[in-house]
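In what follows, chains are A, B, ... by sequence order, proteins preceding strands, each numbered from 1.
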Number of protein chains: 2
Amino acid sequence: MLKISELAEQTGLTAHTLRFYEKHGLIRASERSEAGYRYYNDADVRRAEFVKTARNIGFSLDDIGQLLSIRLDKDSHSCQEVTDITQHKLNEVNGKIAELQMMQQTLQRLLTSCCGGPENATHCSIIEALEEGELPAKGDS
Amino acid sequence: MLKISELAEQTGLTAHTLRFYEKHGLIRASERSEAGYRYYNDADVRRAEFVKTARNIGFSLDDIGQLLSIRLDKDSHSCQEVTDITQHKLNEVNGKIAELQMMQQTLQRLLTSCCGGPENATHCSIIEALEEGELPAKGDS
DNA sequence: CTTGACCTTAGAGTTAACTCTAAGCTTATA
DNA sequence: TATAAGCTTAGAGTTAACTCTAAGGTCAAG
């Protein structure tokens with residue numbers, strides 16, 4: 001049985017975060033001491049580690065909630081439910097990557113267009129490009 | 001001279017957003033009517049469009065503030081200041097892309113490991129992988 | 001002169017995932 | 001037994017960039 005700070009140490013989450021997750025229904029201590037101290041058993045620890053792993057991959061706390069309830073009752077959930085969550089997340093990630101790559105290209109292009117030197121910015125091609133507009137941006141295909 | 005909703009239409013920003021930007025020092029109307037209505041002249045419009053372009057590229061409002069003050073007094077700023085801001089943003093974007101690509105790979109790997117079918121999740125390899133931990137995640141190199 | 005569209009402000013709400021604080025118990029150690 | 005470390009709770013604060021609301025003033029058209 002671990003106290004909250006011990007679980008924090010094991011998982012690399014803070015005690016604050018563990019309480020926060022509890023408030024959001026992700027993790028709880030199966031036992032409490034008379035004084036109200038949380039005590040985590042092995043199953044609790046595994047659950048906390050599951051949460052941490054999922055979080056590190058990038059799942060939202062909401063996603064994690066769903067994954068946890070599947071994990072709790074695997075028999076009445078399908079693999080498809082799990083892949084749906086995962087695929088949805090992957091789509092989101094792919095979308096963000098595409099957006100960022102757009103920004104990356106534009107920034108790269110701006111940087112190569114400008115001397116970057118100590119001369120004053122009167123004819124800075126980055127400033128000029130921003131004044132012109134017409135730069136590729138989020139939403140362009 | 002444009003009223004706020006007209007400028008909103010021209011720029012594709014909302015009137016709310018324009019007032020928000022004003023509160024944050026990015027855009028203002030050079031004139032006000034007696035009743036307090038904002039009136040934007042050509043220079044204001046160009047400034048608003050500059051802001052919108054920079055925002056669409058992904059610069060933070062803070063970055064945009066800096067770019068605007070360089071733009072306002074180009075003679076006393078260098079190209080290097082501009083490239084510093086741009087490079088800094090590019091580094092940030094590159095970092096985020098790397099993080100997301102990590103997530104992308106992990107999610108991809110999970111998806112190919114799981115059947116995704118209607119069978120129950122008792123042996124779902126995604127759930128199992130999350131239980132094992134040991135998945136590549138943010139911070140791994 | 002009335003109606004409806006538009007303008008003003010200050011300030012609160014949104015989102016996600018924490019992060020921290022205050023005030024007060026509890027527990028382990030010396 | 002004193003002290004320090006650790007635990008509890010409710011609730012506020014953080015960040016970025018909006019987004020919306022309420023309460024009220026203005027203006028153009030019919």
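Put simply, B:Val45 and B:Ile64 are part of the same group of oily side chains (I, L, V, M, F, W, Y) that touch within less than 4.5 Å, one to the next.
Note: CD1 (A:Ile64) to P (C:dA17) measures 8 Å, nearest angstrom. Atoms CD (A:Glu6) and C1' (C:dT27) sit 13 Å apart, rounded to a whole Å. The separation between A:Glu34 atom CD and C:dT27 atom C1' is 14 Å, rounded to whole Å. A straight line from CG of A:Leu7 to P of D:dT8 spans 11 Å, rounded to a whole angstrom. The separation between A:Leu61 atom CG and C:dA16 atom C1' is 8 Å, rounded to whole Å. Going from atom CZ of B:Arg32 over to atom C1' of D:dT26 covers 14 Å, rounded to whole Å.
No side-chain N or O of A:Thr86 forms a donor-acceptor pair with one of A:Thr83 less than 3.5 Å apart. For B:Ser76 and B:Asp73, the side-chain atoms include at least one donor-acceptor pair closer than 3.5 Å. With hydrogens and angles left out, the side-chain atoms of B:Asp62 and B:Gln66 include no donor and acceptor closer than 3.5 Å. A:Ser78 and B:Asn120 form no side-chain donor-acceptor contact under 3.5 Å, judged by distance and modelled atom types alone.
When distances are taken from the side chain of B:Ile4 to each of C:dC18, D:dT8, C:dC7, the shortest belongs to C:dC7.
Of the residues in residues 87-99 of chain A, not one comes within less than 4.0 Å of DNA chain D through any heavy atom. Of the residues in residues 35-48 of chain A, those lying under 4.0 Å from DNA chain D by heavy-atom distance are A:Gly36, A:Tyr37, A:Arg38. DNA chain D lies under 4.0 Å from at least one heavy atom of each of the following residues of residues 8-31 of chain A: A:Arg19.
Side-chain nitrogen and oxygen atoms of A:Ser60 include none within less than 4.0 Å of the OP1 or OP2 phosphate oxygen of C:dA16. For C:dC18, the OP1/OP2 oxygens have a side-chain nitrogen or oxygen of A:Arg55 closer than 4.0 Å.
As judged by a 4.0 angstrom heavy-atom cut-off over every strand, B:Ser33 is placed among residues making no nucleic acid contact.
Under the salt bridge (charged side-chain N to carboxylate O under 4.0 Å, His left out) test applied with B:Glu22, the options B:Arg38, B:Arg28, B:Arg47 reduce to a single match, B:Arg38.
Atom CD1 of residue A:Ile85 and atom CZ of residue A:Phe59 lie 7.5 Å apart, to the nearest 0.5 angstrom.
Surrounding NZ of B:Lys96 are at most 12 heavy atoms belonging to other residues, nucleotides or ligands under 6.0 Å away. More than 12 heavy atoms of other residues, nucleotides or ligands sit less than 6.0 Å from atom CD of B:Gln101. Within 6.0 Å of NE2 in A:His24 there are more than 12 heavy atoms belonging to other residues, nucleotides or ligands.
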Report the C-alpha separation of B:Glu49 and B:Lys52 in whole Å, then their side-chain angles, then the decisive distance to 0.1 Å, and conclude whether the salt bridge (Lys or Arg N to Asp or Glu O under 4.0 Å) test is met. CA-CA 5 Å; B:Glu49 269 159 358; B:Lys52 200 218 170 177; over 6 Å; no
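The residue among B:Phe59 and B:Lys3 whose nearest nucleotide of DNA chain D lies closer to the 5′ end is B:Phe59.
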